[in-house]
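Report on the structure given below.
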Number of protein chains: 2
Amino acid sequence: MPRLVAERADALPALGELFREFGFEGTSLSMITVATGLGKGSLYHFFPGGKEEMAAAVLAEIDAWFATHVFEPLRRDPDAAAGIGRMFQAVDAYFRGGGRVCLVGVFSLGDTRERFATTLRTYFAVWGAALTDALSRAGWNPTAAADFAEEILAGIQGALVLSRALDEPAVFSRMLARLRQRAIG
Amino acid sequence: MPRLVAERADALPALGELFREFGFEGTSLSMITVATGLGKGSLYHFFPGGKEEMAAAVLAEIDAWFATHVFEPLRRDPDAAAGIGRMFQAVDAYFRGGGRVCLVGVFSLGDTRERFATTLRTYFAVWGAALTDALSRAGWNPTAAADFAEEILAGIQGALVLSRALDEPAVFSRMLARLRQRAIG
DNA sequence: AGGTTTGTGTACCGGATGGTATACTCTTAC
DNA sequence: GTAAGAGTATACCATCCGGTACACAAACCT
């Protein structure tokens, strides 16, 4: 019998989609065993802390992905406008043009928020700081940059909610295009 | 022994806060009995359809509230800018300056979405149409008005997510102020 | 080859879940 | 004053919950 999942990390994508779709409370261990192909024995071997450790691992993976694909370009690209452009491109790819929801947003709205409070707060705080920095380097004055960074992050999250409610992913694409236009023309 | 809840409608506020905070799946009947002071017997007397009917009733109440306090002023106020101003005021009050979350948004993100799909879609579609109309009457050209209406709705929803994640309601207030400024100066 | 780590299947735990059944007590109307 | 219906309390249902225990198998190292 072949192993479907060889390492703990191989289970994370399936776990992520589950938590995105059903939330933390809504995702049951039996759903997880089906989606990952791992029995409870294996799951608790990889994640001794149970469901909470699984969710924390998914959040950490998301954090790492955004750090390398979004935050770093924003901070490191000598051409600030280019870094911002890469951010919009990465965000569009990550959320699949509005067809995928933000796990950090989902967790932030529910009571799960308290459980992962610092992770959730840090995610948006770091993103906001990096974006503010890039906007400043792109020519915005500091206070306007901070305001606009906030507006961009909220716009992205809100567009995901709206796309989902209206079942119309184009809402997300349009929002991304508008924000990019305002940011770097 | 006095009746804490004399009518079905008296249970809706408590139900709303519960669903907002814990989502549909996360809200259990025992939490509901505690929060409303009603035993299961009474609950199923008022809501024969169980938890799903309770959530539907809450959504209907929200819909009605927004219809009278938000959608109607947008459409009916002869002074379009004043109608838009009243919308921002009503929204700020309803979401308590960012301290309260949008149940429609919460339901839209999870798997609950499918259960109440048409209600959720209609809520945003009607709001968007009313706001587009008001913006047009306030001087925006039709396509720009539709775009900006979308941006306003997403901004509101996103700001609620961000306020919650950062535990900083001021994010919501700032967003509302910025949007109002852009809309009616 | 032997033994140890790493991973897996399965039975099981106490408790909570949404929902039902039923017997009861009020209030109201005649 | 009594009958009907509205509203309530309680016990109970099957099912599922997250988590644990433990025996077992494959992979690895020496």
Side-chain angles (χ1 to χ4, degrees), chain A residues 1-61 103 106-107 110-116, chain B residues 1-59 103 106-107 110-116:
Chain A
M1 179 182 303
R3 287 205 311 199
L4 295 172
V5 174
E7 307 177 48
R8 169 185 145 124
D10 296 337
L12 294 183
L15 284 170
E17 295 310 319
L18 247 21
F19 285 131
R20 250 180 270 272
E21 184 74 11
F22 303 101
F24 182 77
E25 319 271 1
T27 302
S28 71
L29 283 186
S30 66
M31 294 164 74
I32 294 175
T33 60
V34 171
T36 60
L38 290 171
K40 286 192 189 182
S42 308
L43 283 172
Y44 274 84
H45 174 72
F46 287 129
F47 306 96
K51 216 166 62 152
E52 181 156 348
E53 185 172 340
M54 300 178 206
V58 171
L59 284 175
E61 199 200 24
L103 181 59
V106 171
F107 277 8
D111 66 318
T112 321
R113 181 182 64 122
E114 286 145 37
R115 226 188 276 248
F116 304 106
Chain B
M1 177 183 303
R3 287 206 311 200
L4 295 172
V5 174
E7 310 177 46
R8 170 187 145 123
D10 295 338
L12 294 183
L15 284 169
E17 295 311 319
L18 247 20
F19 286 132
R20 250 179 270 272
E21 183 75 10
F22 303 102
F24 183 77
E25 319 271 1
T27 302
S28 71
L29 284 187
S30 66
M31 294 163 74
I32 295 175
T33 60
V34 172
T36 59
L38 290 171
K40 287 191 189 183
S42 310
L43 245 19
Y44 274 85
H45 173 73
F46 287 129
F47 306 96
K51 217 167 59 152
E52 180 155 347
E53 185 172 342
M54 300 179 206
V58 171
L59 284 175
L103 181 60
V106 171
F107 277 9
D111 65 318
T112 321
R113 180 182 65 122
E114 285 144 37
R115 227 187 274 247
F116 303 106

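A note on names: the letters A, B, ... follow the listed sequences, proteins ahead of strands, and every chain is numbered from 1.
Using a 4.0 Å cut-off, some side-chain N or O of H45(A) falls inside it from OP1 or OP2 of dG7(C). Dashed line: the shortest gap from a side-chain N or O of S28(B) to OP1 or OP2 of dA16(C) is not under 4.0 Å. Within the 4.0 Å cut-off from OP1 or OP2 of dG7(D), not a single side-chain nitrogen or oxygen of S42(B) is found. Note on S30(A): a side-chain N or O is less than 4.0 Å away from OP1 or OP2 of dC17(D).
Going from atom OH of Y44(B) over to atom P of dA9(D) covers 16 Å, rounded to whole Å. Atom CD of E53(A) is separated from atom C1' of dG19(D) by 14 Å (rounded to the nearest Å). Look at CZ on F22(B): it is 16 Å from C1' on dT17(C), rounded to the nearest Å. Residue E25(A) contributes atom CD, which lies 11 Å from atom P of dT17(C) at whole-angstrom precision. In this structure, R115(A) atom CZ and dG18(D) atom P are separated by 11 Å, rounded to whole Å. Note: CG (L43(A)) to P (dC17(D)) measures 14 Å, nearest angstrom. K51(B) has its NZ atom 9 Å from the P atom of dT17(C), to the nearest Å. Atom P of nucleotide dG18(C) and atom CG of L18(B) are separated by 11 Å, given to the nearest angstrom.
Ring geometry, F19(B) versus F24(B): the interplanar angle falls under 30°, so the pair is classed parallel (tilted spans 30 to 60°).
In the set dG7(C), dG19(C), dG7(D), the nucleotide with an atom closest to the side chain of F46(A) is dG7(C).
Atom NE2 in H45(B) sits 11.5 Å away from atom CG in L43(B) (nearest 0.5 Å).
Here the shortest heavy-atom pairing between A14(A) and A35(A) reads CB-O, 3.9 Å.
Within the 4.0 angstrom heavy-atom criterion, no nucleotide atom of any strand lies near T33(B).
Counting only distance, with no hydrogens or angles, the side chain of T36(B) and the backbone of A11(B) share no donor-acceptor pair below 3.5 Å.
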